[in-house]
Every structure is written in structure tokens, then in C-alpha cells.
Amino acid sequence: MPRPQHEIRAAHTPSTVTVYQAYSPEIGLPAAREGRFPAAWKRDRMTWIKPSFLWMMYRCGWAAKAGQEIVLAVEISREGFEWALRNACLSSYVRGLHTDRAAWQRELKRSPTRVQWDPERDLGLRPLPYRSLQLGLSGEAARRYADEWTVTVRDVTPLAHEIHALVRDGALDAARSLLPREQPYPAAEELLSGLRAGQSTSMPKSRTSSSRPPE
């Protein structure tokens with residue numbers, strides 16, 4: 001049975017959801033050591049979180065890209081994750097879903113979170129025919145993420161390197177066995193009803209518009 005085109009898949013427990021980000025050592029190492037984001041983490045800028053480990057690997061090049069050498073697994077509360085979805089707007093205008101472009105722009109401006117669906121990736125980081133959620137947090141959402149929702153922060157860079165080495169060696173079954181177990185997230189239908197039409201394959205402009213390294 002084919003996967004749904006827009007479905008949240010994540011490692012989750014009854015109380016938490018795991019998302020991924022990649023940072024420079026100056027941010028990533030203190031965050032993992034202290035279990036929370038340091039003061040250098042700018043709470044007034046948009047930050048993007050990803051429940052898909054392999055999409056994060058695609059984005060950071062297996063933790064080899066400059067400014068993305070440290071991959072963090074951030075466990076956040078399900079309550080916070082669902083608040084972000086409930087207050088989200090699609091990052092791109094979709095004809096038929098939004099009344100018109102002006103209405104979408106007004107919604108985007110007042111929403112503290114943004115949803116974008118990008119092609120999920122396989123172990124070779126090739127695009128798959130279904131989408132992976134990215135969630136952009138700004139303003140109140142970014143502050144809540146850093147200071148209220150975060151439960152644990154782990155450095156999973158060694159795991160990324162280990163899986164990548166197995167992929168390079170062609171040991172795909174062994175690499176696959178190490179991947180985080182991501183299952184469909186039981187989000188209530190109303191949380192996603194207006195967030196399933198985004199089809200962009202490029203990154204949101206807001207992710208690269210600031211001087212902060214992309215995550």
C-alpha cells in the first residue's frame with residue numbers, strides 16, 4: 001500500500017516527538033552538553049525542525065556541510081509539537097486552498113509557525129515519491145521550542161557518520177537497521193486538514209535570508 005503523500009512520520013513516545021537540526025559546533029556542542037539551547041541560539045530568528053532523520057542527512061550532507069557539523073536530536077513535548085501544527089500556515093501559496101494570494105500572505109504574517117512538505121529521502125539521499133514535514137518556528141513558537149518544549153537534546157553526529165560509512169560501503173541493510181524508528185504520527189485530522197497541499201521542492205527563502213547558518 002503506497003504511503004500517503006503528506007504524512008508526519010517521526011520517532012515519538014506517548015509524551016514526546018523527536019526532531020532534528022544541524023548546527024555549527026559553537027551551538028550544537030553546548031546544546032547537547034547542557035540539554036538546552038545556549039544564549040547564542042537566537043530566539044528571535046526562524047528555525048526549522050525536521051522529524052525525518054534522512055531528510056536532515058540530505059540537508060546537512062551527513063554532517064559534512066559547513067555550519068552543520070553537529071546533528072542534534074531534539075526531543076520535544078507532543079503538546080508543543082501539536083501547538084506548532086495548530087498555529088501553522090503553509091510556507092507557499094496554494095491555489096484552491098487559500099482564498100487568494102493576499103489572504104495567504106496575511107495568514108503567513110500572523111502565524112508563528114510554517115509548514116513545508118519536501119520529498120522524503122532514501123539512504124542514498126535520493127527523493128522518494130512522498131513528502132516529509134518541515135516545521136518553521138518564529139517568534140513565540142521559537143521561544144517556546146527552546147525554553148518550554150525541549151525535553152532532551154542529544155548529539156547524534158556519530159550515528160550519522162556511522163550510517164553514512166555503511167552506506168558508502170554498500171551495507172544498506174546494516175545502515176537501515178541503525179536508522180531511528182519513525183512511525184506515522186497520530187496527529188488529529190484537524191491539525192493537518194489545511195496543511196497538506198504544499199508541494200514545493202525548494203527550501204523556504206526565510207531559511208537562507210539571515211546571516212545565521214541554515215539548520
Side-chain angles (χ1 to χ4, degrees), residues 2-12 16-24 27-28 31 46-76 81 84-85 88 90-92 113-138 141-142 145 150 153-168 172 175-185 187 191-192 195-208 212-215:
R3 288 185 180 273
Q5 180 71 194
H6 301 90
E7 176 186 57
I8 299 173
R9 294 171 300 279
H12 56 83
T16 64
V17 183
T18 297
V19 297
Y20 299 95
Q21 295 191 292
Y23 289 99
S24 66
I27 297 291
M46 178 165 283
T47 189
W48 288 81
I49 59 177
K50 309 145 193 76
S52 167
F53 179 83
L54 283 176
W55 207 97
M56 184 71 260
M57 295 305 98
Y58 165 72
R59 183 71 180 92
C60 71
W62 297 103
K65 291 184 180 179
Q68 301 184 65
E69 301 93 340
I70 305 298
V71 179
L72 300 179
V74 185
E75 198 175 12
I76 64 173
F81 185 67
L85 290 172
L90 281 171
S91 64
S92 56
T113 56
R114 300 180 184 182
V115 159
Q116 178 154 318
W117 300 94
D118 287 289
E120 182 59 282
R121 302 285 159 165
D122 65 10
L123 276 169
L125 305 185
R126 295 175 294 263
L128 292 169
Y130 49 90
R131 302 272 161 166
S132 178
L133 176 79
Q134 290 191 78
L135 197 54
L137 312 176
S138 65
Y145 168 66
T150 297
V153 181
R154 292 181 292 115
D155 182 353
V156 292
T157 312
L159 176 64
H161 291 164
E162 183 178 5
I163 294 174
H164 188 207
L166 290 169
V167 171
R168 288 199 308 266
L172 298 186
R176 193 172 292 109
S177 72
L178 296 178
L179 290 173
R181 188 180 180 190
E182 295 167 4
Q183 300 291 327
Y185 182 76
L191 293 179
L192 291 180
L195 298 171
R196 284 196 171 110
Q199 297 292 330
S200 171
T201 59
S202 61
M203 298 306 303
K205 291 182 180 179
S206 59
R207 294 191 61 190
T208 56
R212 182 182 181 177
E215 301 144 16

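Atom CG of Leu85 sits about 4.5 Å away from atom CD1 of Ile8, to the nearest 0.5 Å. Note that CG of Leu135 is 11.0 Å distant from CD of Gln116, once rounded to the nearest 0.5 Å. Taking CD of Glu182 as the start and OG1 of Thr18 as the end, the distance is 9.0 Å to the nearest 0.5 Å. One distance of note links CG of Leu137 with CZ of Phe81; it measures 9.5 Å at 0.5 Å rounding. The CD atom of Gln68 lies 5.5 Å from the CE atom of Met56; values are rounded to the nearest 0.5 Å. In this structure, SG on Cys60 lies 9.0 Å from NZ on Lys50, to the nearest 0.5 angstrom.
For Thr150 (side chain) and Tyr145 (main-chain N/O), a donor-acceptor pair under 3.5 Å exists by modelled atom type. The backbone N or O of Arg131 lies less than 3.5 Å from no partner atom in the side chain of Trp55, so there is not a single donor-acceptor pair. Under the 3.5 Å distance criterion, the side-chain polar atoms of His6 are left unmatched by any main-chain donor or acceptor of Leu133. Put simply, the side chain of Glu69 gets close to the backbone of Gly67: a donor and an acceptor are under 3.5 Å apart. Under a 3.5 Å cut-off, the side chain of Gln5 and the backbone N or O of Pro129 do form a donor-acceptor pair.
The heavy-atom pair separating Arg126 from Asp122 by the smallest distance is N-OD1, 2.8 Å. Nearest heavy-atom pair, Val71 versus Thr157, reported as atom, atom and distance to 0.1 Å: N-OG1, 2.9 Å. The minimum heavy-atom distance linking Arg121 with Leu54 is given by the pair O-CD1, 3.5 Å. Residue Glu7 comes nearest to Arg9 through the heavy atom pair O-NH1, 3.2 Å, listed as atom of the first residue, atom of the second, then distance. A pairwise comparison of heavy atoms in Thr113 and Ala141 identifies CG2-CB, 3.4 Å as the closest pair. Ala63 approaches His161 most closely through the heavy-atom pair CB-NE2, 3.9 Å.
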- Between Ile70 and Ile27, is a side chain to side chain contact (heavy atoms under 4.5 Å, CB included) present by the stated rule, with each step listed? CA-CA 8 Å; Ile70 305 298; Ile27 297 291; over 6 Å; no

- Task: Give the intermediate values and the outcome of side chain to side chain contact (heavy atoms under 4.5 Å, CB included) for residues Trp117 and Leu90.
- Result: CA-CA 9 Å; Trp117 300 94; Leu90 281 171; 4.2 Å; yes

- Take Leu123 and Leu179 through the test side chain to side chain contact (heavy atoms under 4.5 Å, CB included) and record every step on the way to the result. CA-CA 10 Å; Leu123 276 169; Leu179 290 173; 4.1 Å; yes

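Ring geometry for Tyr20 against Phe53 counts as perpendicular: the plane angle is over 60°, on a 0 to 90° scale with 30° as the lower cut.
The side-chain heavy atoms of Arg154 and Glu75, taken from C-beta on, include no pair separated by under 4.5 Å. Side-chain atoms of Leu172 and Leu166, non-hydrogen and from C-beta on, never get closer than 4.5 Å to each other.
Between Arg3 and Glu120, none of the side-chain N atoms (NZ, or NE/NH1/NH2) sits under 4.0 Å from a carboxylate O, so this pair counts as no salt bridge.
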